[in-house]
Every structure is written in structure tokens, then in C-alpha cells.
Amino acid sequence: MALLDVRALSKSFGGIEAVKSVTFGLEKGELLALIGPNGAGKTTCFNMLNGQLRPNSGSVRFEGRELVGLKPRQIWRLGVGRTFQITATFPSMTVRENVQMALISHHRRTFSLVSRAVSLYADEAQALLERIGMGDQAGRACAELAYGDLKRLELAIALANEPRILLMDEPTAGMAPQERIELMALAADIVRERGVSILFTEHDMDVVFGQAHRILVLNRGELLAEGTPDEIRANEAVQEVYLGGG
Ligand code: ATP
């Protein structure tokens with residue numbers, strides 16, 4: 001069985017069937033892309049995987065354990081993390097402090113004095129920042145960061161939670177093309193090094209075909225195709241519906 005085993009997942013909003021009986025697996029150490037035109041159901045899928053939305057039917061099993069019915073926080077604690085389209089950092093804190101806060105939260109430590117927290121996990125936070133190539137920016141205020149660096153910082157914050165699975169919702173949105181490729185190449189390296197599995201949505205096809213190990217194509221809520229980048233490129237149904245005949 002796959003690490004994350006999604007079976008016949010469905011969700012309707014009123015009369016709209018946003019996701020229709022979607023089934024797929026995410027393997028350990030896999031970088032899996034979920035693509036599809038606007039309104040295909042990608043965000044709805046993500047929201048069901050991390051517990052923000054309850055499916056009408058279907059199951060999501062993580063290491064055999066059913067996630068449907070659990071709250072987002074419980075799912076996060078089990079090791080299924082998520083990054084969002086909108087960055088969620090504390091702008092007035094430094095880059096390192098933002099990662100420290102994530103580490104403190106992960107280790108369930110609480111402190112009555114903020115000053116005590118300042119030195120906690122500083123080395124671990126620095127190491128994570130070095131890994132994503134932001135070691136030299138650790139002391140800067142988040143508010144000063146370029147957008148691309150903020151997105152990289154978000155990856156470090158997500159990794160602070162030591163996820164087994166990371167759901168990345170349009171991680172490269174708003175970035176320049178070269179930055180997008182670099183960010184997902186970094187994600188691919190991290191998948192390899194840590195054995196994390198990543199499921200990501202993405203509109204940039206260069207990023208998807210260049211980095212993903214496997215691709216899922218959603219169309220109007222249904223899984224249209226699934227395969228390696230080469231298989232998806234050669235898939236006629238995908239070409240017709242999604243890639244505009246190209
Ligand atoms: P995009 O690429 O534009 O983000 P998407 O693939 O993520 O699109 P979803 O946002 O999951 O697609 O939307 C799937 C369908 O469900 C759309 O028709 C959308 O209008 C509808 N939908 C999503 N959320 C809701 C909601 N809360 N209430 C009603 N309809 C919704």
C-alpha cells in the first residue's frame with residue numbers, strides 16, 4: 001500500500017461535483033504533481049487531504065490510518081504538513097526566529113517569556129536555513145525579504161515540523177520562471193535526502209515536467225490521467241483537454 005492511499009474521494013458543493021471519485025497513491029520519497037485547469041478540483045483535493053474539508057465519500061489513509069474525520073491539526077501532528085499559496089510568516093521577526101518558532105511549536109514547547117525562546121533551536125534553525133541556501137539571511141527581518149526568498153523560507157518552516165508528507169499548494173506562484181525551477185529542484189533534493197514525500201499543485205509546466213517523478217491530471221473533478229512525465233506528455237486525452245493539443 002502507498003504511504004498515502006487516496007480512494008474514491010468525492011466532494012460536492014451544492015450541485016457542483018468539485019471532486020469525483022479520485023483515487024491515487026503517494027509513495028515514500030516521491031515528488032508527485034497534481035495538475036489541471038482552473039476549477040479542476042486541485043485545491044478541494046488538498047483541503048480534503050489535510051482535513052480542512054470533509055469529503056462526501058472516500059478515504060485517505062496515511063500508513064493505513066484513516067485521516068478522514070480528523071482535524072487539520074491532528075493530521076499535521078501525524079506528519080502530513082502543508083504550505084499555502086499565501087505565505088504565513090511573522091514579518092517583524094527575523095528569518096531565523098520564524099524557523100525557531102516553527103521548531104518550538106513542533107517540539108510542543110511553550111514559554112511564558114518570549115526572550116527565553118530567542119536562543120531555543122537557534123542552531124537547528126540555522127542548519128535548516130543553510131540547507132535551503134538562506135544561511136546568510138538568517139538575521140534579516142522577514143518583511144525585508146524578496147518574494148522568492150519568502151517562499152523558500154516557507155519550505156524551511158514546513159520542514160521544521162519534520163513532515164513525512166508535504167502538501168505544497170502552488171509553491172512557486174508569483175515567482176520568476178528561473179526561481180520556480182530552483183525552488184522545486186531544491187524540493188526534489190530534499191525529497192531524496194530526507195525520504196519525505198511531496199504532493200504539489202503547479203501551473204508552470206516546465207516545473208512540473210522537469211521535477212515531478214509522477215503526475216496526476218485532474219479535469220472537471222475527475223482523474224484524467226496518471227503517469228511519469230513522459231507518459232503524461234504522450235497521453236492524447238491530456239493533450240486534448242489540458243495541453244491544448246500540443
Ligand atoms: P485553481 O487552479 O483555479 O485553484 P482548482 O483546481 O484548485 O482551481 P478548486 O478550487 O478545487 O479547483 O475548485 C473546483 C470546483 O469547485 C470549482 O468549480 C469551484 O468553483 C468549486 N468550489 C470550490 N470550493 C467551493 C466552495 N467552497 N463552495 C462552492 N464551490 C466551490
Side-chain angles (χ1 to χ4, degrees), residues 4 6-26 30-60 67-73 75-76 80-88 147 150-151 154-155 158 165-177 179-181 183-184 187 197-212 214-227 229 232-233 235 237-246:
L4 191 74
V6 178
R7 297 263 171 100
L9 205 59
S10 298
K11 182 72 187 175
S12 298
F13 299 104
I16 301 167
E17 287 183 275
V19 174
K20 298 181 214 172
S21 197
V22 165
T23 294
F24 68 89
L26 173 66
E30 187 172 42
L31 188 59
L32 180 64
L34 177 63
I35 66 170
N38 289 336
K42 305 181 294 292
T43 304
T44 304
C45 265
F46 265 45
N47 287 341
M48 290 191 281
L49 299 183
N50 89 320
Q52 272 180 280
L53 266 182
R54 201 187 170 107
N56 295 116
S57 56
S59 78
V60 179
L67 299 186
V68 170
L70 299 183
K71 295 191 168 66
R73 191 161 185 80
I75 293 174
W76 172 264
V80 181
R82 180 170 178 183
T83 65
F84 291 87
Q85 289 181 22
I86 300 162
T87 53
Y147 185 74
L150 258 183
K151 302 295 280 189
E154 225 185 22
L155 179 58
I165 292 176
L166 191 54
L167 308 171
M168 299 180 81
D169 211 343
E170 295 198 35
T172 74
M175 295 174 90
E179 276 185 327
R180 288 182 208 156
I181 291 182
L183 181 77
M184 288 317 290
S197 308
I198 295 182
L199 175 67
F200 70 108
T201 63
E202 179 60 59
H203 280 112
D204 182 330
M205 290 303 116
D206 288 339
V207 171
V208 170
F209 284 90
Q211 300 299 335
R214 217 153 48 88
I215 301 169
L216 306 169
V217 185
L218 265 188
N219 186 47
R220 296 173 195 265
E222 288 178 301
L223 196 60
L224 179 71
E226 138 171 41
I232 296 298
R233 222 181 255 115
N235 185 303
V238 175
Q239 287 177 8
E240 247 172 61
V241 169
Y242 190 53
L243 302 173

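Values reported hereafter were calculated over all heavy atoms of this structure, with side chains retained and with hydrogens, waters and symmetry mates removed. Read the numbers this way: they start at 1 and go in the same order the structure lists the ligands and their atoms.
- Summarising the local packing, CZ of Arg220 is surrounded by 12 or fewer heavy atoms from other residues, nucleotides or ligands at distances under 6.0 Å.
- If you number the atoms of ligand 1 from 1 as listed, the ones under 4.0 Å from a heavy atom of Ala40 come out as 5 (P), 6 (O), 12 (O).
- Residues Glu17 and Ser10 bring no donor and acceptor atom of their side chains to less than 3.5 Å of each other.
- Remark: ligand 1 and Gly39 share an N or O pair separated by less than 3.5 Å (distance only, no angle test).
- Within the set Glu170, Met48, Lys42, the minimum heavy-atom distance to atom 5 (P) of ligand 1 is found for Lys42.
- Not close to ligand 1: Gly36, with no non-hydrogen atom less than 4.0 angstrom away.
- Side-chain contact, Arg82 with Asn47: a donor N or O sits under 3.5 Å from an acceptor N or O.
- Short contacts between ligand 1 and His203, defined as distances under 4.0 Å to a heavy atom of the residue, involve ligand atoms 2 (O).
- We find the CG-CG distance between Leu26 and Leu32 to be 5.5 Å, quoted to the nearest 0.5 Å.
- With hydrogens and angles disregarded, a donor-acceptor distance shorter than 3.5 Å links the side chain of Lys42 to the backbone of Gly36.
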